Amino acid sequence: MENNVDIESEGGEKMERNASIFEESDMIREPLLLKSRINTTSQIAIVGANVCPIESLDYEIVENDLFKQDWRSRNKVQIFQYVFLKWALVLLIGLATGLVGFFNNLAVENIAGFKLLLTGNLMLKERYYLAFVALAGCNVVLATCAAVLCAYIAPSAAGSGIPEVKAYLNGVDAHSILAPSTLFVKIFGSIFGVAAGFVVGKEGPMVHTGACIANLLGQGGSRKYHLTWKWLRYFKNDRDRRDLITCGAAAGVAAAFRAPVGGVLFALEEAASWSLSPSPIYIYIYVCVCVCVCNVRFIRKPSK
């Protein structure tokens with residue numbers, strides 16, 4: 001009897017071992033990354049009008065021997081290229097944000113002016129009911145265009161955009177928060193929303209727009225749309241991208257109110273709150289907002 005018990009126990013152990021081996025082999029054969037798997041480890045947040053997982057960004061520089069050796073291996077030409085490209089990007093961010101701010105103001109003024117002119121002409125002809133229908137119809141069409149763009153193209157463009165930019169600058173990244181599609185929807189959505197008579201301002205959308213422009217230029221375009229530049233490989237890191245996005249957010253405030261001091265103060269108090277000591281980022285911000293405001297004022301200068 002004892003021998004039978006021993007034989008049965010040994011047989012059971014062998015079967016368990018075989019089962020575990022088959023399970024391990026199945027796990028090894030199974031692909032590690034499947035598109036159909038649901039991410040259950042990342043934190044979930046509401047970004048704009050979309051619920052998506054969020055990730056953390058690494059802004060700290062680990063100054064180990066490898067990092068120091070990498071900087072020592074660079075010659076003077078590469079260091080000069082890095083400094084020159086960073087200053088060139090700061091200037092381009094200021095110019096592009098100023099152009100977008102001018103385009104927003106021009107589009108809102110023309111659309112709202114056409115709407116009010118049409119309504120005024122109908123009222124002068126004492127066609128009051130038709131004037132009301134025309135005004136309400138224009139507002140409904142503009143509001144529908146803004147809602148459709150935001151709902152079907154870039155849900156992350158919903159809202160002002162300032163909380164998303166501040167979260168990114170403090171190390172929280174979300175899907176499509178600064179994507180080219182978000183930039184497109186932010187520009188035209190804010191134009192249609194303001195022209196429709198919504199109680200919305202220019203500060204939030206312009207901050208988000210400037211941050212999107214800085215991210216697009218800093219990373220060398222977009223891989224999704226096959227727009228990349230290899231000569232911007234120096235800025236393929238979170239720290240340099242954070243500096244450029246801070247400049248873009250400050251330029252957005254400056255373009256919205258044409259106030260360079262306001263843009264600098266916004267960056268120091270809100271956007272660049274992570275910087276506790278004097279650093280070159282302050283100089284970048286000041287130059288960027290000055291270029292942005294000068295660009296807007298030069299374009300809007302009436303011709304004699």
Side-chain angles (χ1 to χ4, degrees), residues 35 39 44-54 96-120 122 129-168 172-217 219 221-227 245 248-249 252-253 255-256:
K35 294 183 179 180
N39 187 1
I44 304 297
I46 298 177
V47 180
N50 193 18
V51 179
C52 62
I54 57 176
T97 307
L99 289 174
V100 171
F102 170 75
F103 172 73
N104 284 357
N105 293 333
L106 186 65
V108 170
E109 289 175 1
N110 282 274
I111 295 175
F114 170 78
K115 180 179 65 175
L116 297 177
L117 182 63
L118 177 62
T119 306
L122 292 174
Y129 292 105
L130 187 59
F132 174 78
V133 172
L135 180 62
C138 291
N139 290 336
V140 170
V141 170
L142 293 172
T144 303
C145 292
V148 168
L149 286 175
C150 186
Y152 292 99
I153 297 180
S156 57
S160 68
I162 294 179
E164 286 81 1
V165 175
K166 290 174 64 177
Y168 185 90
V172 179
D173 188 17
H175 178 68
S176 299
I177 192 175
L178 300 174
S181 59
T182 304
L183 174 63
F184 173 80
V185 174
K186 204 70 181 181
I187 293 174
F188 290 96
S190 61
I191 291 174
F192 294 147
V194 174
F198 289 162
V199 187
V200 293
K202 298 184 293 183
E203 180 183 2
M206 282 306 303
V207 169
H208 201 176
T209 300
C212 291
I213 292 173
N215 180 69
L216 185 65
L217 294 176
Q219 68 180 359
S222 174
R223 293 182 181 178
K224 180 179 179 181
Y225 302 100
H226 304 287
L227 297 172
I245 290 174
V253 176

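This is a predicted model, so every value here is computed, not measured.
Residues satisfying the side chain to side chain contact (heavy atoms under 4.5 Å, CB included) test with L130, not counting sequence neighbours, are L122, R127. With sequence neighbours excluded, the residues that form a side chain to side chain contact (heavy atoms under 4.5 Å, CB included) with V194 are V108, V200. Under the side-chain hydrogen bond (donor to acceptor under 3.5 Å, both in side chains) criterion, T182 pairs with S156, not counting sequence neighbours. Under the side chain to side chain contact (heavy atoms under 4.5 Å, CB included) criterion, A107 pairs with I191, sequence neighbours left out. By the side-chain hydrogen bond (donor to acceptor under 3.5 Å, both in side chains) test, N110 pairs with no residue at all, sequence neighbours left out. In this structure, F103 has no ring pair (Phe, Tyr, Trp, His ring centres under 6.0 Å) partners at least two apart in sequence or on a different chain.
Between T209 and T97, the closest side-chain pair of non-hydrogen atoms is not below 4.5 Å. The shortest side-chain heavy-atom distance between L178 and E164 does not fall under the 4.5 Å cut-off. Contact of the N104 side chain with the M206 side chain is registered, since non-hydrogen atoms from C-beta on lie closer than 4.5 Å.
Identified under the side chain to side chain donor-acceptor pair (under 3.5 Å) test for residues 183-198, with sequence neighbours left out: none. Sorted by first then second residue, the ring-ring contact (aromatic ring centres under 6.0 Å, His included) pairs that include residues 187-217, not counting sequence neighbours, are F184-F188.
Counting all heavy atoms, side chain and backbone alike, A151 lies closest to P155 at O-CG, 3.9 Å. The two residues V185 and A154 have their closest heavy-atom pair at CG2-CB, 3.7 Å. Closest heavy-atom contact between A214 and G248: CB-CA, 4.2 Å. Nearest heavy atom pair, residue V165 against residue A211, reads CG2-CB, 3.8 Å.
Here the CG atom belonging to L217 is positioned 11.0 Å from the CD1 atom belonging to I245, to the nearest 0.5 angstrom.
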Side-chain donor-acceptor pairs of residues 137-145 under 3.5 Å, sequence neighbours excluded:
| residue | atom | partner | partner atom | Å |
| --- | --- | --- | --- | --- |
| N139 | OD1 | K115 | NZ | 2.9 |
| N139 | ND2 | L135 | O | 3.3 |
| T144 | OG1 | V140 | O | 2.7 |

